[in-house]
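Working notes, beginning with the structure itself.
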Amino acid sequence: MIPSRASFPEGFLFGAATAAYQIEGTAFGGCGSTHWDTFSATPGNVKRAEGGSIACDHYNRWPADLDLLREAGFDAYRFSASWARVMPDGVTVNPEGLDFYERLVDGMGARGLRPFLTLYHWDLPSALADQGGWINRDTALRFGDYTETLLARIGDRVETVATVNEPWCVAWLSHFLGAHAPGLRDIRAAARAMHHILLAHGVAVERMRAMGQKNLGIVLNFDHATPASDDPKDVQAAAVQDAIFNRWFTEGIFRGAYPAEVLEGLEPHLPAGWQDDMARISQPIDWLGVNYYTRHIHAHDPAKAWPHDRDVPGPLEKTQMGWEIYPEGLKGFLTRIERDYTRGLPIYITENGMANDDAAGSDDAIRSDFIARHFAAAQAAIAEGVNLKGFFYWSLLDNYEWAEGYQKRFGLVHVNYETLERTPKPSYHALKRALARN
Ligand code: FCB
C-alpha cells in the first residue's frame, strides 16, 4: 500500500515530473534543432535510432496531460522548458515558444497545479553545440540570456525554478562516458563540462536574483556508490565514484570547492582560472532537488585509466532499466545531504520512479510497490529531521528515455506511440487513492 497523504506532514507536496525533449515533440512550434536530434540521428547512439520529433505530442496534447495530473490529485507539476524552443538558434527568440510555455503555466494555474520549472533538461540548441556546447564557457553566459528571456515572460507564474537538471548527466555521462549527447569520451571535454554546467547554474541564479525571481534551486542526481568488497582499493574506487557523481556538485554548490579525489583526475584539464568562478557557483540557493533511482557497485580496475573503476552487477531485484531497487539509498542520501550540505533548506525529491515493460491495461503492481517503498524511505528521513517538502514521481507519462528510446516505460500513464493514446496504469490509480483528501 502506498502511504497516504495524511501520513506525511501537513503541506507536503506531491507531483509528477516530465522534461520537454522527452514529451513535447520538436516538430512543432518553430522548435530549433538540438544536440539530441543529431546524436539520435547518428547510428549506434540510441536504440532503434529513435529521436524526439513527435515524442508524446505533448506540445498539442498538453491540456489532456494536465487534466491527468489534476485528476490524480497532484499538487504540483515539474516540467522543463526547451531552450531550443524558446531560442531555436540559442540566441534569437521564437515568440511561438514563449507563447507555448505561457499557455502551459496558465493551464497549470487553471487546474490548481503549482508549476515547478526546470530551465535546462538537456535540449541544447545545435547552434551552441556547434560552438563547443558545454566545453565552451560562453554557453554558460548564453544560458543566462535564455533564463532571463523565459522568466521575463512566465517568471511571475512559476512557484520554483531549477536551473539545471542532473549536471552529472550533462557533463560526465555525456562527455566522459559518451552515453548521452554529445557522446564524447574525453577527459578534457568532461572536465570543462563539469565546471561550465555549474557556472551556468551560477550565472542563471545571479540573473534571476537580479530580476527578483524567488525560490531558486538546482536538481542533482544521486547514485549510491557501494564498494564491491572490503578491499581498500574497492572502497577507494567507490569513494572516488561518490565524489565524481555526488560530491563534485554538492561541494561545488554548498562549499565553493571541488573534492580532492576528483581534482586528482580533472584538475589538469579544467579551464584556467576556474577557481575564480567558485563564488558564483556557490551563491546561496533556496532549495535543493534530489533525483534518486538506484545504486551502483564499484571495483578497482587497474587496467583502466583514472578513475580506475569497473561496475559490478548487483544482486537486488532490478527494473526494466536493469537498475537495482534500493530505497535505503534514498533515505541515506536525504539524511546525508541535510547533515552535510542543506542544513534546514527545503529539499524536494524531484525524481524517483521505475521503468517497467508495461502494455496498455497490464498490471504494474511492481511500480506501486516501488512507490510505497520510496515513500516509506522519504518518511523515515523526515522522521530523522530532514526538511523534505515534496515528492515528484518520474514520470507522468511513458516517454523518450534518451539513449534507450521509447521502450523503457517510466510512466504512471501508458502511451501508445502509434495512436498517442494515454491509458492510466494501475499505479496511477493506486497513487490517486493515496493522495485523496478525505
Ligand atoms: C533521469 C532524467 C530523466 C529520466 C530519468 C529516468 O536521469 O533526469 O530525464 O530520463 O532519469
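Whatever order the structure lists them in is the order used to number ligands and atoms, beginning at 1. Model, not experiment: these values are computed from the prediction.
Atom 2 (C) of ligand 1 has as its closest protein heavy atom Glu351 OE1, 3.3 Å. Among all protein heavy atoms, the one lying closest to atom 10 (O) of ligand 1 is Glu401 OE1, 2.7 Å. Nearest protein heavy-atom neighbour of atom 5 (C) of ligand 1: Tyr293 OH, 3.3 Å.
With ring centers used as reference points, Phe8 lies 6.0 Å or more from Phe391. Phe14 has its ring centre no less than 6.0 Å from the ring centre of Phe392.
Near Glu166, with a cut-off below 4.0 Å to any heavy atom, the atoms of ligand 1 are 1 (C), 2 (C), 7 (O), 8 (O). Taking every non-hydrogen atom of Gln22 and a distance limit under 4.0 Å, the qualifying atoms of ligand 1 come out as 3 (C), 4 (C), 9 (O), 10 (O). Set against the non-hydrogen atoms of His121, the atoms of ligand 1 under 4.0 Å away are 2 (C), 3 (C), 8 (O), 9 (O).
In terms of N/O distances under 3.5 Å, ligand 1 is not approached by Trp394.
At a heavy-atom cutoff of 4.0 Å, ligand 1 is contacted by no atom of Met321, backbone or side chain. Heavy atoms of Asn165 found under 4.0 angstrom from ligand 1 belong exclusively to the side chain.
Among Trp168, Trp122, Phe410, the residue whose heavy atom lies closest to atom 6 (C) of ligand 1 is Phe410.
Under 4.0 Å is where a charged nitrogen must lie from a carboxylate oxygen, and between Lys47 and Glu401 no such pair does.
Relative to the ring axis of Phe100, Arg85 places its NZ or CZ within 45° and under 6.0 Å from the centre.
Checked by atom type and distance alone, the side chain of Tyr428 pairs as donor or acceptor with a backbone atom of Leu68 at under 3.5 Å. Between the side chain of Asn45 and the backbone N or O of Phe39 there is at least one donor-acceptor pair closer than 3.5 Å.
Residues Tyr393 and Arg78 have side chains that never bring a donor and an acceptor to within less than 3.5 angstrom of each other.
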